[in-house]
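One structure is given here, and the rest of the page talks about it.
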Amino acid sequence: MSTKGKVLVAMSGGIDSTVTALMLHKEGYEVVGITMKTWDYATAGGGKKETGCCNLDSFNDARAAAVEHGFPHFILDIREEFGDFVINNFVDEYIAGRTPNPCVMCNTHIKWSALLKRADALGCDYIATGHYGMIEEENGRFFIRKGVDETKDQSYVLWGLPQSVLSRTLLPLGGYRKTEIRQMAHDMGYPELAKKSESYEICFVPDNDYRGFLKRHVPDLEARVDGGNFTLADGTIVGKHKGYPFYTIGQRKGLDIALGKPMYVTQILPETNTVVLGEEEELQQQQMLVGGVNMVKFDMVSDGMEALVKIRYKDRGTPARLYNEAGKIRVTFYEPVKGIAPGQSAVFYDGDDVIGGGFIHKTGQLQA
RNA sequence: AGUUCCAUUGUGUAAAGGUAGCACAACUGAUUUUGGUUCAGUUAGUCUAGGUUCGAAUCCUGGUGGAACUA
């Protein structure tokens, strides 16, 4: 019956993953659904989220779809690994004065390995998710290509996946546009899914208040860091802030300081609990150093290689050249880029293909 | 305890007798599988008590508060 193979599909209960499962089922794959429990919503409060990469709220929907179409569905409790890794890393990074991207950490270190482990146990050939991206193979390497729908492309959050995982991953939505997926959900008999709004927010911060989450998670943090100085680049003190972990590079809103011009956070200095503010031009950087690199399309960066580099999720990318530098990659942009935040992911593209990616280590003029 | 100057939304500033406006901040919404950005919209002010005037932020008097100068 499974002419195409057996596939474990990560189902959140949202529109994208549900359509993914049904699409593969229709195509003749033997589908097994799985919903990962990453975080305990009962204790976290909130819960009006709809589709998402990792929420449990609509896990009943996932199960219902599986039952209706006659394939099995499991729940996988990965709260422990998720908490130990993703949440601790998230907190540690902010305390280090950096800006983490927990979705990337989860995809790279938790979600796919948990899926793969389960896939092996269940005898599945593949794993699949509802990400908007495509997996291609060339010269013996598997890589991710941007989804056809540029506005929904999620290749950015998948840069960390190793070859061993990519070779067994299916991303069936990558060739479609979101509007087509909505139509499919509708046609497949899930009109209410088709209407669900997009998810946002970090899955373990349902109220969208990461500052509050940090305070609750590290009880003495607030008292320890409250009342540091806002300064300008030249060191002039212009005000008091609520503690360096509660700010991020490029931030404009919430500074509660009126200087007549829009001011942005340009530097975070944990050692002195100082947050440096500057005008828009001061956010511009033309170089950065990227560490923790995972190569995807190619097995290495050749010095001077040209690439389109994204420094945040919704970023059209900026042309740059890449150079190897002591185990890291130095990126030199062709033009200044605004608000590069250490801790965020940098993803290198060759056209629509992900060459590789890493974490932004530092920015600014670097010694060559 | 003398003289002078000043007082306008949360902050900084416009309005030289005729609709109190701008920037920043704040709030709300749109956008977004991270943070952030961006966009749209909203709120909110003439220190106080009198006077002149058809009409006062604006002119006059007292008060209050701040700044500069005076021995």
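In what follows, chains carry the letters A, B, and so on, assigned in the order in which the sequence lines appear, proteins first and then strands, with residues in each chain numbered from 1. A quick note: this is a predicted structure, and the numbers were derived from the prediction, not measured.
If you check the side chains of Ser17(A) and Ser12(A), you find a donor sitting under 3.5 Å from an acceptor. Defined by atom type and a distance below 3.5 Å, a donor-acceptor pair is missing between the side-chain atoms of Thr231(A) and Asn229(A).
Nucleic acid contact class of Tyr313(A) (heavy atoms, under 4.0 Å, all strands): base. When heavy atoms are screened at a 4.0 angstrom cut-off, Pro262(A) is found touching the sugar-phosphate backbone but no base atom. Here Gly343(A) lies out of heavy-atom contact (under 4.0 Å) with every strand.
Both Leu255(A) and Gln251(A) lie near RNA chain B, and the one whose nearest nucleotide falls closer to the 5' end is Leu255(A). Each of Gly250(A) and Tyr156(A) was matched to the nucleotide of RNA chain B holding its nearest heavy atom; the match closer to the 5' end belongs to Tyr156(A).
Using Watson-Crick or G-U wobble geometry with both donor-acceptor distances under 3.5 Å, U46(B) finds no partner in any strand shown. Nucleotide A1(B) forms no Watson-Crick or G-U wobble pair with any nucleotide shown, as no partner meets the under 3.5 Å limit on both distances. Nucleotide U28(B) is matched to A40(B) when pairs are restricted to Watson-Crick or G-U wobble geometry with both distances under 3.5 angstrom. For G65(B), the paired nucleotide is C6(B), the pair qualifying as Watson-Crick or G-U wobble because both relevant distances are below 3.5 Å. Taking a pair to require two hydrogen-bonding distances under 3.5 Å in either a Watson-Crick or a G-U wobble arrangement, U11(B) pairs with A23(B). For C59(B), the paired nucleotide is G51(B), the pair qualifying as Watson-Crick or G-U wobble because both relevant distances are below 3.5 Å.
Under a 3.5 Å cut-off, the side chain of Asn101(A) and the backbone N or O of Gln344(A) do not form any donor-acceptor pair.
Distance Arg316(A) CZ to U31(B) P: 19 Å, rounded to the nearest Å. Nucleotide G36(B) holds its C1' atom 15 Å from the CG atom of Asp209(A), rounded to whole Å. For Arg312(A) and G36(B), the CZ to P distance is 12 Å, given to the nearest whole Å. U37(B) atom P lies 8 Å from atom NZ of Lys253(A), rounded to whole Å. The nearest whole Å value for the distance from the CG atom in Leu277(A) to the C1' atom in C24(B) is 13 Å. What separates NZ of Lys338(A) from C1' of G35(B) is a distance of 15 Å, to the nearest Å. Atom pair Gln284(A):CD and G36(B):C1' shows a separation of 15 Å (rounding to whole Å applied). With rounding to whole Å, Glu279(A) atom CD is found 16 Å from A23(B) atom P.
Among C24(B), G35(B), C27(B), the nucleotide with an atom closest to any side-chain atom of Ala258(A) is C24(B). Each of U34(B), G35(B), C24(B) was ranked by its minimum atom distance to the side chain of Arg252(A); first place goes to C24(B). For Tyr264(A), whose side chain is taken as the heavy atoms from C-beta onward, the closest listed nucleotide among U37(B), U34(B), G35(B) is U37(B). Set against U34(B), U37(B), G35(B), the side chain of Cys103(A) has U34(B) as its closest nucleotide. Comparing U32(B), U37(B), U34(B) by their closest approach to the side chain of Pro102(A) singles out U34(B).
Residues in residues 300-347 of chain A take part in no ring-ring contact (aromatic ring centres under 6.0 Å, His included) pair, two or more places apart or across chains.
Summarising the local packing, CD of Glu222(A) is surrounded by 12 or fewer heavy atoms from other residues, nucleotides or ligands at distances under 6.0 Å.
One P atom belongs to U3(B), the other to U8(B), and the distance between them is 24 Å to the nearest Å. A7(B) and A44(B) are spaced 24 Å apart, taking the P atom of each and rounding to whole Å.
With ring centers used as reference points, Phe359(A) lies under 6.0 Å from Trp159(A).
Under the 4.5 Å side-chain criterion, counting only non-hydrogen atoms from C-beta, Val309(A) is not in contact with Val337(A).
Residue Asn208(A) places at least one side-chain N or O closer than 4.0 Å to OP1 or OP2 of G35(B).
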